[in-house]
Number of protein chains: 2
Amino acid sequence: MEDDIFKALADPTRRALFAKLATGARNATALREGMGISQPAVSQHIAVLRGAGLIREERAGRFVNYSVDPRGIEAIGRWFARYRAFWPDRIDDLRKLLGEMDQ
Amino acid sequence: MEDDIFKALADPTRRALFAKLATGARNATALREGMGISQPAVSQHIAVLRGAGLIREERAGRFVNYSVDPRGIEAIGRWFARYRAFWPDRIDDLRKLLGEMDQ
DNA sequence: GAATCACATAAGTCAATGCTTATCTGATCG
DNA sequence: CGATCAGATAAGCATTGACTTATGTGATTC
């Protein structure tokens, strides 16, 4: 599954779609706006992101609503945690961010 | 550069090489051990990882020593930070980890 | 129930990629 | 200086992958 995640994120268009979903859930048509690709292309990208556990879907009548799937984020976080030791300069920044979250 | 990073990490062999380097710097020959691919393949993978800023090299006579480049880790961290909000369950774990680091 | 809308699937095309063998470069050592 | 070793580059091949147009499916609306 880690493999699916990184393969999914390797494509810039898919990262853009994912980033857009992170600003708020929406359906495929709304997701397509300003992307400059065909509807099937969006549908295929969605299938890849979904297969990687990065996004999830919820049927809403004729529409399908897509949103970021926390399980994917969690998987990336687990992978990244293995290398955080190489990132000493930012530990303080992160600590500060977590501190701010308490308020 | 974000694009180079994700493209580099999309390949499982490259992730394996990167993970191996994260356990300690080593030269290309040592890095190749147990990978089941040719020497040129390793060399090509190294070039991709290096181009993405994920690893760095240091000439040591006839050998070249490769190690994890913190700049790459930092770039991933910056990208990941944008989505950490979707990962609420793990914030406490992370906070605990950072707390342990103080000791 | 026919038309339409949201989305998925099929099929084909073209570029990118990961691998191989063969060869080159540059440093070490007899 | 000739042989050898570490690693990079060249060239070719097979596979994958992102896109397109065309069509299918299932829900909505008149």
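First the proteins, then the strands, lettered A, B, ... as listed; each starts at 1. All figures in this text were calculated on a predicted structure; none of them were measured in a lab. What you see below is based on every heavy atom in this structure, not just the backbone, and it leaves out hydrogens, waters and symmetry mates.
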Closest non-hydrogen atom pair between Leu31(B) and Lys20(B), with its separation: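 It is O-NZ, 3.4 Å.
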Leading and trailing nucleotides of DNA chain D with any atom under 4.0 Å from heavy atoms of chain A: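 Using the under 4.0 Å cut-off, the span is dG17(D) to dT28(D).
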Inter- and intrachain pairs under ring pair (Phe, Tyr, Trp, His ring centres under 6.0 Å), touching residues 22-70 of chain A, at least two apart: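 For residues 22-70 of chain A: none.
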About how many Å separate [atom2] of [Y] and [atom1] of [X], when rounded to the nearest 0.5 Å?
| X | Y | atom1 | atom2 | answer |
| --- | --- | --- | --- | --- |
| Phe6(B) | Ile76(B) | CZ | CD1 | 7.0 Å |
| Phe18(B) | Ile46(B) | CZ | CD1 | 13.0 Å |
| Leu49(A) | Asp4(A) | CG | CG | 11.0 Å |
| Phe86(A) | Asp69(B) | CZ | CG | 10.5 Å |
| Ile5(B) | Leu54(B) | CD1 | CG | 5.0 Å |
| Asn27(B) | Glu57(B) | CG | CD | 12.0 Å |

pair Ile73(A)-Arg84(B): side-chain heavy atoms closer than 4.5 Å: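 Counting from C-beta outward, Ile73(A) and Arg84(B) never come under 4.5 Å.
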Lys/Arg N to Asp/Glu carboxylate O, Lys7(A) vs Asp3(A), below 4.0 Å: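 Salt bridge present between Lys7(A) and Asp3(A).
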Salt-bridge present (Arg26(B), Glu33(B); N to O < 4.0 Å):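 Looking at Glu33(B) together with Arg26(B), the answer is no, because their closest N to O distance does not fall below 4.0 Å.
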The helix from dG1(C)-dC30(D) to dG30(C)-dC1(D): angle between end helix axes, five pairs per end, rounded to 10 degrees: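 Between the axes fitted at each end of the helix from dG1(C)-dC30(D) to dG30(C)-dC1(D) lies an angle of 20°.
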Side chain of [X], backbone of [Y]: donor and acceptor closer than 3.5 Å?
| X | Y | answer |
| --- | --- | --- |
| Arg56(A) | Ser67(A) | no |
| Arg50(A) | Ile55(A) | no |
| Arg32(A) | Ile37(A) | yes |

Residue-level proximity of residues 39-54 of chain A to DNA chain D when a heavy atom falls under 4.0 Å: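 Here the set is Pro40(A), Ala41(A), Gln44(A), His45(A).
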Close approaches to DNA chain D from residues 10-36 of chain B, in residue order (heavy atom, under 4.0 Å):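 Heavy-atom cutoff 4.0 Å gives Asn27(B), Ala28(B), Thr29(B).
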Stepwise salt bridge (charged side-chain N to carboxylate O under 4.0 Å, His left out) check, Glu2(A) with Arg78(A): CA-CA 10 Å; Glu2(A) 182 181 286; Arg78(A) 271 198 302 270; over 6 Å; no
Nearest-nucleotide 5' precedence on DNA chain D, Arg62(B) against Glu57(B):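 It is Arg62(B) whose nearest nucleotide is closer to the 5' end.
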Outermost DNA chain C nucleotides near chain B [under 4.0 Å, heavy atoms]: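 With heavy atoms of chain B under 4.0 Å away, the range is dT17(C) to dT28(C).
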